Amino acid sequence: MTRFSAAAEGVAKRLRDGMAGGVLSFPLTSFREDGGLDLEAYRAYLSAQLDSAPGAVFPACGTGEFFSLDEDEYRAAVGATVEIADGRLPVVAGIGYGWAQALRFARIAEEAGADAALVLPHYLVAAPQDGLVEQLRRIASGTSLPLIAYQRGQVAFTADSLRRIAEIPTVIGLKDGHSDLDRLQRLTLAAPDGFLFFNGASTAEIQARAYATVGVPAYSSAVHAFAPEIANAFFAALRDGDDTAVTKLLRDFYVPLVELRDRVPGYAVSLVKAAARLRGLPVGPVRAPLTDPGPEELDALAQVLDDGLKVVGAVRRSD
């Protein structure tokens, strides 16, 4: 039995059902060339994204450049996502920094109608396990939103800490970005029944088979942000046990994409946004401190994208 509150259990069930049927979508946030939020473009982009049937949508998270949004922009982006999703799938908004600032974002997300919040790693400092647990307790005490913890960077829970955060009635899951499968297996074994786990590695499909072996088949897909045809084809092949299709997509698309991504810090977001622009999607540039790729990398990205679309029988542009 889980220790979730009744409301949190309802959200956890919707997420559980959603992630069994589709990838978890982390949409980009649209900016104008002058760096301002382009809400009209974001709405058009997100509508197209949700038409490709993800299992849940996570606005204003890492791929959505949460770290560069002010509170008014965040409110607008999360509110637009809730409106466009219109109850069809869960909306999980990113929150972060220290617990006090995370609570400000959580309350904005709650007012906007989000279903849950993803607690992004806190800012800058390393912290002991007691502090990581207390951070979540503080956030949970100030919002009714169900929370998903995200371990990445300086945040890494032990099995004992996982048991402690799972006792918080509104903490419903953990997203993992460390890809330490030994640690992750210990965490899944320590968790109560029904606690949710997500593969949150960069370009998660690369490690999706490995994560599934320790009981974590659900994953976030940055590729869905620009090529839902590829993301959905990979998800279906993995779910159906089609190892030939999985291997071909990994070899022809995902591995070349990761090799390109690893050239420059921040390209886990910058290349995703550039690929979306190559497809004519209205997402605009990244914000500093990220940088957009140059002409040589754009040419390489276009080739990788075309190769991946070819595998699934799609094309880059339909116009």
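Quick caveat, the model's predicted, so the values are computed rather than measured.
- When all heavy atoms of Ala201 and Tyr211 are compared, the closest pair comes out as CB-OH, 4.2 Å.
- Judged purely by atom type and a 3.5 angstrom limit, Ser270 uses its side chain to pair as donor or acceptor with the backbone of Thr291.
- Rounding to the nearest 0.5 Å places CG of Leu69 at 8.5 Å from CZ of Phe67.
- Note on Asp292 versus Lys273: no salt bridge recorded, every NZ/NE/NH1/NH2 to OD/OE distance being 4.0 Å or above.
- Between Leu250 and Ile206, the shortest heavy-atom contact is CD2-CA, 3.9 Å.
- Residues Leu145 and Leu120 do not share a hydrophobic cluster, defined by chaining ILVMFWY side chains whose heavy atoms lie under 4.5 Å apart.
- Scanning all heavy atoms of the two residues, the minimum distance from Ala8 to Ile172 falls at CB-CG2, 3.7 Å.
- The closest side-chain donor-acceptor pair between Thr29 and Glu65, if any, does not fall under 3.5 angstrom.
- In this structure, Phe31 has no ring pair (Phe, Tyr, Trp, His ring centres under 6.0 Å) partners at least two apart in sequence or on a different chain.
- Counting heavy atoms from C-beta outward, Thr247 and Arg209 have side chains that approach closer than 4.5 Å.
- In this structure Phe26 satisfies the ring pair (Phe, Tyr, Trp, His ring centres under 6.0 Å) test together with Phe58, sequence neighbours excluded.
- Nearest heavy atom pair, residue Leu28 against residue Ala276, reads CD1-CB, 3.7 Å.
- A salt bridge is absent between Arg75 and Glu71; no separation between the charged side-chain nitrogens and carboxylate oxygens falls under 4.0 Å.
- Arg183 places no side-chain N or O within donor-acceptor distance of the main-chain N or O of Ser179, the cut-off being under 3.5 Å.
- Open room surrounds CZ on Arg104; 12 or fewer heavy atoms of other groups in view lie less than 6.0 Å from it.
- Classified by interplanar angle (parallel below 30°, tilted 30° to 60°, perpendicular above 60°), the ring pair Phe195/Phe197 is perpendicular.
- Taking a 6.0 Å sphere around CZ of Arg251, one finds it holds 12 or fewer heavy atoms contributed by other residues, nucleotides or ligands.
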Between side-chain atoms of residues 279-286 and protein atoms elsewhere (two or more places apart, or another chain), which donor-acceptor pairs fall under 3.5 Å?
{"unit_1": "Arg279", "atom_1": "NE", "unit_2": "Arg316", "atom_2": "O", "d": "3.1"}
{"unit_1": "Arg279", "atom_1": "NH1", "unit_2": "Phe226", "atom_2": "O", "d": "3.1"}
{"unit_1": "Arg279", "atom_1": "NH1", "unit_2": "Glu229", "atom_2": "OE1", "d": "2.7"}
{"unit_1": "Arg279", "atom_1": "NH1", "unit_2": "Glu229", "atom_2": "OE2", "d": "3.3"}
{"unit_1": "Arg279", "atom_1": "NH2", "unit_2": "Glu229", "atom_2": "OE2", "d": "2.8"}
{"unit_1": "Arg279", "atom_1": "NH2", "unit_2": "Val315", "atom_2": "O", "d": "2.9"}

Scan the side chains in residues 149-157 for donor-acceptor partners under 3.5 Å anywhere in the protein, sequence neighbours excluded, and list what turns up.
{"unit_1": "Tyr150", "atom_1": "OH", "unit_2": "Arg152", "atom_2": "NH1", "d": "2.7"}
{"unit_1": "Tyr150", "atom_1": "OH", "unit_2": "Gly200", "atom_2": "O", "d": "3.2"}
{"unit_1": "Gln151", "atom_1": "OE1", "unit_2": "Phe157", "atom_2": "N", "d": "2.8"}
{"unit_1": "Gln151", "atom_1": "NE2", "unit_2": "Asp176", "atom_2": "OD1", "d": "2.6"}
{"unit_1": "Arg152", "atom_1": "NH1", "unit_2": "Gly200", "atom_2": "O", "d": "2.9"}
{"unit_1": "Arg152", "atom_1": "NH2", "unit_2": "Ser202", "atom_2": "OG", "d": "2.5"}
{"unit_1": "Gln154", "atom_1": "NE2", "unit_2": "His122", "atom_2": "O", "d": "2.4"}

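- Rounded to the nearest 0.5 Å, atoms CD1 (Ile148) and CG (Leu136) are 11.5 Å apart.
- Side-chain contact check for Pro293 versus Leu271: some heavy-atom pair is nearer than 4.5 Å.
- For CZ of Arg186, the number of neighbouring non-hydrogen atoms (other residues, nucleotides, ligands) closer than 6.0 Å is 12 at most.
- Remark: side-chain polar atoms of Gln303 are not paired, donor with acceptor, to backbone N or O of Ala300 under 3.5 angstrom.
- Side-chain atoms of Thr188 come within 3.5 Å of backbone N or O of Gln185 as a donor-acceptor pair.
- No side-chain heavy atom of Thr81 sits less than 4.5 Å from a side-chain heavy atom of Leu50.
- Take Phe105 and apply the ring pair (Phe, Tyr, Trp, His ring centres under 6.0 Å) test, not counting sequence neighbours, and it matches Phe66, Tyr74.
- For the 3.5 Å distance criterion, the side chains of Arg261 and Thr203 qualify, holding a donor opposite an acceptor.
- Between Arg32 and Glu40 there is no salt bridge, since no side-chain N of the basic residue sits under 4.0 Å from a carboxylate O of the acidic one.
- Salt bridge status for Asp307 with Lys310: absent, with no side-chain N to carboxylate O gap under 4.0 Å.
- Looking at Gln129, its side chain never comes within 3.5 Å of a backbone N or O of Ser161 through a donor-acceptor pair.
- At least one side-chain heavy atom of Thr170 sits less than 4.5 Å from a side-chain heavy atom of Ile168.
- Between Ile108 and Val78 there is no side-chain heavy-atom pair separated by less than 4.5 Å.
- Looking at His224 and Asn232, their side chains come closer than 4.5 Å, going by heavy atoms from C-beta outward.
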Could you go through Val57 and Gln49, starting from their C-alpha distance and side-chain angles, then the distance that decides it, and tell me whether this counts as side chain to side chain contact (heavy atoms under 4.5 Å, CB included)? CA-CA 9 Å; Val57 61; Gln49 287 289 295; over 6 Å; no
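- Note on Lys13 versus Asp17: salt bridge recorded, some NZ/NE/NH1/NH2 to OD/OE distance being below 4.0 Å.
- How far CZ of Arg137 is from CG of Leu132: 11.5 Å, rounded to the nearest 0.5 Å.
- In this structure, CG on Asp240 lies 11.0 Å from CG on Asp243, to the nearest 0.5 angstrom.
- Residues Pro54 and Ser25 share a closest heavy-atom pair of CB-CB, 3.6 Å.
- Residues Ala204 and Ser220 come closest through the heavy atom pair CB-O, 3.2 Å.
- Rounded to the nearest 0.5 angstrom, Asn199 CG and Leu184 CG are separated by 8.5 Å.
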Walk me through whether Asp115 and Val92 qualify under side chain to side chain contact (heavy atoms under 4.5 Å, CB included). CA-CA 6 Å; Asp115 297 292; Val92 183; 5.6 Å; no
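- When side chains are defined from C-beta on, Leu103 counts as touching Thr143, because their heavy atoms get closer than 4.5 Å.
- In this structure, CG on Asp70 lies 8.5 Å from CG on Leu37, to the nearest 0.5 angstrom.
- Contacts classified as ring-ring contact (aromatic ring centres under 6.0 Å, His included) and involving residues 242-286 (residues at least two apart or in different chains) are given here: Phe234-Tyr254.
- Follow the hydrophobic side-chain contacts under 4.5 Å out from Tyr123 and you reach Ile139 in the same cluster.
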